[in-house]
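Input: one structure, supplied below.
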Amino acid sequence: MPAPTLFALSSGRPPAAISVIRISGAAAFEAARRLSGKALPPPRTARLRTLRDPAGGEALDKALLLLFPGPDSATGDDIAELHLHGGVAVVAAVLKALDGIEGLKAAGPGDFTRRAFHNGVLDLPQVEGLADLLAAETEMQRRQAMAHADGHLTRMAEGWRERLLDALAQVEAGLDFADEGDVGESDESCANDAIAALAAELDQVLEAPSGERLRDGVRLAVTGPPNAGKSSLVNKLTERDVAIVTAIPGTTRDRIEAHLAIKGVPFVAIDTAGLRETGDVVEREGIARARAAVATADIVLAMAGEDGRFEPVETEAPVIRVMSRSDLSGAPAGPDADGLHHLSAVTGDGLAALADRLVEEAGRLVGHGEILALANDRQRRVVSDCHAALLEAGAAAHDPVLVAEHLRAALNALGRLTGRVGVEDMLDALFGRFCIGK
Ligand SMILES: Nc1nc2c(c(=O)[nH]1)N(C=O)[C@@H](CNc1ccc(C(=O)N[C@@H](CCC(=O)O)C(=O)O)cc1)CN2
Ligand SMILES: Nc1nc2c(ncn2[C@@H]2O[C@H](COP(=O)(O)OP(=O)(O)OP(=O)(O)O)[C@@H](O)[C@H]2O)c(=O)[nH]1
């Protein structure tokens, strides 16, 4: 059975200045012709058309019609795009008219991208990159996602695959000639070198951070006694270099999470309750949560109290000590000889130095602006499987039959990386990350 022709509103929720409806599939151009009632425009050339309901002839909108013939289209199928006036009723009327055309079906979330995947226009890392691109809120997230949507990992994986296939061919040639004496020997040692080199390369890829933290934000716990100036600092950080994206009140009155970006690096700042002992039940709960936030933080900003003292912090994460109110104390703003950051949340002095320090510390987790090879834990797992198989192949160098077997396992892992094999179970979850119309 041929795939149904899908349609959906691909642009944002009306009312909007312009709304784009996409129709993708074998019946897309016929549907466009029935709506516009005229000869179709040439491919990739927008034309103004009066769209009419094929059912009653009612004029629905005067809109731009644009055709992308497959397979050179975003989905690989024929695509017709309607660029409408973005009124609620205009969009609703055109969607209703499309629904009335036989063979057309409303698309679900991610359905267009799913078509692109099945048509081989995008592979799995590219689809994951596209999902990340649509979710990107900071510049660093956007750059990383765009590189992956554009095939960054795809190209690397293709290179790895070719080297694996080469090595496998050499090992298998050795096997074929084994009966005829030592003909395969030099091929074999060649293959062993190639396997070791690829294993070393994958090891480096696995050593580097993966994009998971870049996607979710580096968790920054801000601790210190009441009145240390925690909220003032978080507010100042968010208004300076920073676009606040959301400010979500935590589950207790004492924990606020703010998403912020410093130099394009996403952070989730957790403004915690003071960690001192208390008898108050509600406050104690807040403190327990503050401890948990500190324990799971990637970076802790420990602020001195008004008396200049720091509370003990229990964490494995790097701790940056901050003393606020440099405008009152007269301490020179910036880091002192002990690495203690003096700053003022009122004047903003010392904030840029702290921001630099935060971005530097975050580099461990999200890199320093270079494109990361691995965008997520799924990719890390399969590359790790591939790496493990290569190590086994290396260890089995004395037995070409075993080497070949491990190389095939390594190839299988690469197949799962790009989505050639064994990924059906994760596809629904992945495509579910998209909105309707994508
Ligand atoms: N109006 C509109 N804007 C959009 C999209 C869309 O579908 N419609 N996109 C939806 O994601 C993105 C662009 N993605 C696209 C991807 C491939 C092709 C395409 O026709 N590719 C051909 C030809 C390339 C070319 O002309 O150079 C190909 O890859 O061979 C078009 C759009 C962002 N902007
Ligand atoms: N002059 C000056 N005042 C500051 C500075 N930072 C904070 N304050 C003031 O100190 C008071 C406490 O600041 P907050 O940011 O509310 O302190 P907090 O640590 O969040 O306090 P809790 O929410 O009670 O835990 C406020 O009145 C701030 O305006 C600073 O750098 N300079």
Side-chain angles (χ1 to χ4, degrees), residues 6-12 18-24 28 43-46 63-84 107 110-117 119-122 126-127 129-131 133-134 146 149-151 221-238 249-250 252-256 258 269-276 278 283 286-287 290 301-307 310-311 322-331 333 341-351 354 434-435 437-438:
L6 301 169
F7 67 91
L9 176 67
S10 282
S11 55
I18 313 282
S19 287
V20 178
I21 287 177
R22 291 197 295 178
I23 313 162
S24 174
R44 300 168 181 278
T45 310
L64 288 178
L65 172 59
L66 179 56
L67 306 178
F68 300 89
D72 298 335
S73 72
T75 58
D77 298 328
D78 286 351
I79 295 180
E81 288 192 355
L82 308 172
H83 297 209
L84 310 167
D111 275 352
F112 289 118
T113 310
R114 198 188 285 264
R115 294 296 308 146
F117 176 70
N119 286 333
V121 174
L122 303 174
Q126 289 177 307
V127 171
L130 193 54
L133 188 60
L134 297 185
M146 201 181 136
D150 196 38
V222 186
T223 75
N227 268 341
K230 301 182 292 293
S231 310
S232 305
L233 176 59
V234 170
N235 287 339
K236 199 73 185 174
L237 275 173
T238 51
T252 77
R253 55 170 194 167
D254 293 1
R255 188 166 149 185
I256 308 283
I270 306 141
D271 185 354
T272 67
L275 296 172
R276 78 207 149 98
T278 175
E283 200 176 343
I287 290 165
L301 269 190
M303 299 192 70
E306 283 177 292
D307 57 2
F310 288 94
E311 293 169 330
V322 173
M323 201 169 281
S324 206
R325 300 191 175 85
S326 65
D327 55 307
L328 299 182
S329 70
H341 277 258
H342 297 271
L343 55 81
S344 167
V346 170
T347 65
D349 290 336
L351 241 87
L354 179 65
F434 289 91
C435 32
K438 192 66 206 171

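Since we're looking at a predicted model, the values are computed, not measured. Indexing begins at 1, ligand by ligand and atom by atom, following the structure's order.
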| field | Within reach of ligand 2, part of Val346 (heavy-atom separation under 4.0 Å) | value |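 Contact part for Val346 vs ligand 2: both backbone and side chain.
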| message | Could you tell me, atom by atom, which parts of ligand 1 come under 4.0 Å of a heavy atom of Ala74? | response | 15 (C), 16 (C), 17 (C), 18 (C)
| task | Using distance alone, determine whether Gly229 and ligand 2 share an N or O pair under 3.5 Å. | result | yes
| said: Just to confirm my output: which protein heavy-atom neighbour is closest to atom 7 (O) of ligand 1, and how far is it? | reply: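 Looking only at protein heavy atoms, the one closest to atom 7 (O) of ligand 1 is Arg22 NH1, 2.6 Å.
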| query | Are any of the N or O atoms of Ser231 closer than 3.5 Å to those of ligand 2? | reply | yes
| note | Near Lys438 (heavy-atom distance under 4.0 Å), the atoms of ligand 1 are 10 (C), 11 (O)
| field | Glu81 neighbourhood, listing ligand 1 atoms whose heavy-atom distance to it stays under 4.0 Å | value | 1 (N), 2 (C), 6 (C), 7 (O), 8 (N)
| query | Can you find an N or O of Leu328 that's nearer than 3.5 Å to an N or O of ligand 2? | reply |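 Between Leu328 and ligand 2, no N or O pair is found under 3.5 Å apart.
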| query | Below 4.5 Å, heavy atoms only, C-beta onward: do Leu130 and Lys438 meet side chain to side chain? | reply | yes
| Heavy atom of the protein closest to atom 30 (O) of ligand 1 (residue, atom name, distance) |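 Going by distance alone, atom 30 (O) of ligand 1 is nearest to Asp72 CB, 3.4 Å.
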| query | When you measure from atom 25 (C) of ligand 1 to every protein heavy atom, which one gives the shortest distance, and what is it? | reply | Arg44 NH1, 4.4 Å
| said: Looking only at distances, can you tell me whether any N or O atom of Leu233, backbone or side chain, sits closer than 3.5 Å to an N or O atom of ligand 2? | reply: no
| query | Which atoms from ligand 1 have a heavy atom of Ser73 less than 4.0 Å away? | reply | 19 (C), 20 (O)
| said: Any nitrogen or oxygen of Arg325 lying under 3.5 Å from a nitrogen or oxygen in ligand 2? Just yes or no. | reply: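 Yes; at least one N/O pair falls below 3.5 Å.
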